[in-house]
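Some notes on the structure that comes next.
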Amino acid sequence: MDFWVWWLIAAGGFAIALVLTTMPELGMLAAGAVAAAVAGGLTDSLVIQVVVFAVVSTALIVAVQPIARRSRTGPPALSTGVDALMGRTAIVLERVDGHGGRIKLAGEEWSARSLSEDDTYEPGSQVSVVEIDGATAVVM
């Protein structure tokens, strides 16, 4: 059998291993094996085929890893639920202190308490939501 056939078999093996393990590097090795198979169809030199495999696989791994790393470590694109409410401004409806009160947040009425026991906010003043604790907004 010609070497290009062995390279295609290797590419298939890498592709199967990729599906079973979900390691993206194996996909790049499979692409390198396909490139080596093309080189094997053009030349009989095993050295050239191995060099093509190594160069293509390494280039793909070096090019894709920073992109993958950025997508894994980046912040979520969209905040939803109570996470979307943190940092928003609300209007005090009933006096808010360390024990309770009411605010209007995102068009809805919420129970609220101040972050510090000593702080009080009078009706009509604006507060910032620090966190959501159950059904209570913690404000400052």
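Predicted model only: the values in this text are computed from it and were never measured. Here, residue 1 is the first one in the sequence, and each next residue gets the next number. Values below: all heavy atoms of this structure, side chains included; hydrogens, waters and symmetry mates excluded.
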[X] versus [Y]: any side-chain heavy-atom pair under 4.5 Å?
{"X": "His99", "Y": "Arg113", "answer": "no"}
{"X": "Met140", "Y": "Val127", "answer": "no"}
{"X": "Leu105", "Y": "Val129", "answer": "yes"}
{"X": "Val139", "Y": "Ile103", "answer": "yes"}

Would you compute the distance between atom [atom1] of [X] and atom [atom2] of [Y] and round it to the nearest 0.5 angstrom?
{"X": "Leu46", "Y": "Phe3", "atom1": "CG", "atom2": "CZ", "result": "4.5 Å"}
{"X": "Lys104", "Y": "Glu109", "atom1": "NZ", "atom2": "CD", "result": "7.5 Å"}
{"X": "Leu42", "Y": "Gln49", "atom1": "CG", "atom2": "CD", "result": "9.5 Å"}
{"X": "Met86", "Y": "Ile132", "atom1": "CE", "atom2": "CD1", "result": "7.5 Å"}
{"X": "Trp4", "Y": "Thr43", "atom1": "CH2", "atom2": "OG1", "result": "15.0 Å"}

What are the two closest non-hydrogen atoms of Ala106 and Leu85, and how far apart are they?
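Between these two residues, the closest heavy atoms are CB-CD2, 3.9 Å.
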State whether the side chain of [X] and the backbone N or O of [Y] hold a donor-acceptor pair below 3.5 Å, judged by distance alone.
{"X": "Ser114", "Y": "Thr120", "value": "no"}
{"X": "Ser57", "Y": "Ala54", "value": "no"}
{"X": "Ser125", "Y": "Tyr121", "value": "no"}

Are [X] and [Y] joined in one hydrophobic group, where the rule is that I, L, V, M, F, W and Y side chains link up if heavy atoms are under 4.5 Å apart?
{"X": "Val55", "Y": "Phe14", "answer": "no"}
{"X": "Val47", "Y": "Trp6", "answer": "no"}
{"X": "Trp7", "Y": "Val56", "answer": "no"}
{"X": "Val52", "Y": "Val50", "answer": "no"}

Residues which pass salt bridge (charged side-chain N to carboxylate O under 4.0 Å, His left out) with Glu117, listed by chain and number, not counting sequence neighbours
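So Glu117 forms no salt bridge (charged side-chain N to carboxylate O under 4.0 Å, His left out) with any residue.
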Considering residues at least two apart in sequence or located in another chain, which fulfil the salt bridge (charged side-chain N to carboxylate O under 4.0 Å, His left out) criterion with Arg88?
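In terms of salt bridge (charged side-chain N to carboxylate O under 4.0 Å, His left out), with neighbours along the sequence ignored, Arg88 is linked to no residue.
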Just wondering, are more than 12 heavy atoms of other shown residues or ligands nearer than 6.0 Å to CG in Asp44?
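Incorrect, the count does not exceed 12.
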Donor on one side chain, acceptor on other, Ser128 and Thr89, under 3.5 Å:
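Absent: no donor and acceptor within the cut-off.
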Determine all donor-acceptor pairs shorter than 3.5 Å in which one atom belongs to a side chain in residues 23-41; sequence neighbours excluded.
none

Would Ile91 and Gln126 count as a side-chain contact (heavy atoms from CB on, under 4.5 Å) if you check the C-alpha gap in whole Å, the side-chain angles of each, and the deciding distance to 0.1 Å?
CA-CA 5 Å; Ile91 303 295; Gln126 288 189 343; 3.5 Å; yes
